[in-house]
Amino acid sequence: MRIGTRGSLLALAQAHETRARLMAAHGLPEEAFEIVVIATSGDRIQDRPLALAGGKGLFTKELEEAMYADEIDFAVHSSKDMPTQLPDGLELSAFLPREDPRDAFIGRAAPSIAELPEGAVVGSSSLRRQALIRRMRPDLDVVMFRGNVQTRLRKLDEGVAQGTILANAGLRRLGLADIITDLMPLDVFPPAPGQGAICIESRIGDSRVRNMLAAIDHKPTGQALACERAFLAALDGSCRTPIAGYAMIDGDRLSFEGLILTPDGTLSHEAKAEGRAADAAEIGRKAGEDVRARAGEKFFEGWS
């Protein structure tokens, strides 16, 4: 089995976790799986925000092309990087158990956003994080901060910014939890849809791959992500839109909270919904349609 992945340390950690779970589930040796590293457009473009370069698909396009060409059997992704509309012939066939979805603050001038001095510079490439920071602290100078985890940490050390926000899950997978100076509460700083979850994309109809991945698929994570992705799709969400959303599964029940903001963080609308976990996608879709109707189309003007 050929496992496709991006080449960043975090992407490789996620591919290695997937391989380890497959080895354990099927009693197979490591050599039964080949990890194939593929550079994506999102990795190469570092000089401008993803919204201006083409959006989330920049992290998946080359991996999907490799599946079409039968160069890999499946691809491992961060779920929050996945567009809501997948290319023809491809599907999300498995999800690994979700890590902590919260955002983590790494501060140099202060241990938390609340304690930063007035006018301090905070770096982030995420429009959602930028909008939430501005909502919390309108006095801060929020700047675009592209690059992988190591690049962003180096920029902090160079004094480009006094703090940054990264996904707690990614830092934990890299063994970097000790650098976190504050964890952002879900009710104050809600995560991106899909944050903390690893997903696996494969070809529709490839029963050999599908059967192998079924052994490691975590159903509750898949249900939560179905809700969050449906919420995002109903809002036409992309890297151009500050949208947060998080679904929680408790047995056969699902509860969801979503949020949309203007990029400056001054206006926002919340969505809350609950129901059967089996109806996850429908719950997310209705929540997205409801918050869009309440916000009105003018709310979205200028986001692009």
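Arg172 has a carboxylate O that lies under 4.0 Å from a charged side-chain N of Glu99, or vice versa, which qualifies the two as a salt bridge. Contact check on Asp290 versus Arg294 returns a salt bridge, with a Lys/Arg side-chain nitrogen under 4.0 Å from an Asp/Glu carboxylate oxygen. Note on Arg2 versus Asp70: salt bridge recorded, some NZ/NE/NH1/NH2 to OD/OE distance being below 4.0 Å. Ion pairing of Arg292 with Glu297 is present here, as a side-chain N (NZ or NE/NH1/NH2) and a carboxylate O approach within less than 4.0 Å. Ion pairing between a basic and an acidic side chain is recognised when a charged N comes within 4.0 Å of a carboxylate O; Arg253 and Asp250 show no such pairing.
Contact annotation: the side chain of His16 never approaches that of Thr5 to less than 4.5 Å [non-hydrogen atoms, C-beta and beyond].
The distance from atom NE2 of His218 to atom CZ of Phe95, rounded to the nearest 0.5 Å, is 12.0 Å. Taken from OG1 in Thr18 to CD1 in Ile216, the straight-line distance is 5.5 Å, to the nearest 0.5 Å. Summarising the geometry, atom CE belonging to Met212 is positioned 4.5 Å from atom CZ belonging to Phe33; distances are rounded to the nearest 0.5 Å. To the nearest 0.5 Å, atom CZ of residue Arg152 and atom CZ of residue Arg154 are 12.0 Å apart. Taking CZ of Arg19 as the reference point, atom CE of Met1 lies at 14.5 Å (rounded to 0.5 Å).
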Got a list of side-chain donor-acceptor pairs under 3.5 Å for residues 159-166, not counting sequence neighbours?
unit_1	atom_1	unit_2	atom_2	d
Gln162	OE1	Val121	N	2.8
Thr164	OG1	Gly123	O	2.7

Identify each donor-acceptor pair in which a side-chain atom of residues 182-196 lies under 3.5 Å from a protein atom, sequence neighbours left out, and give them as a table.
unit_1	atom_1	unit_2	atom_2	d
Gln195	OE1	Arg128	NH2	3.1
Gln195	NE2	Pro101	O	2.9
Gln195	NE2	Asp103	OD1	3.0

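Residue pairs satisfying the ring-ring contact (aromatic ring centres under 6.0 Å, His included) criterion with at least one member in residues 247-276, sequence neighbours excluded, are listed as follows: Phe231-Phe256, His269-Phe299.
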The test is side-chain contact (heavy atoms from CB on, under 4.5 Å); show your working for Val291 and Leu235 and say whether it passes. CA-CA 9 Å; Val291 77; Leu235 292 164; 3.7 Å; yes
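In this structure, the side chain of Gln130 does not engage the main chain of Pro263 through any donor-acceptor pair within 3.5 Å.
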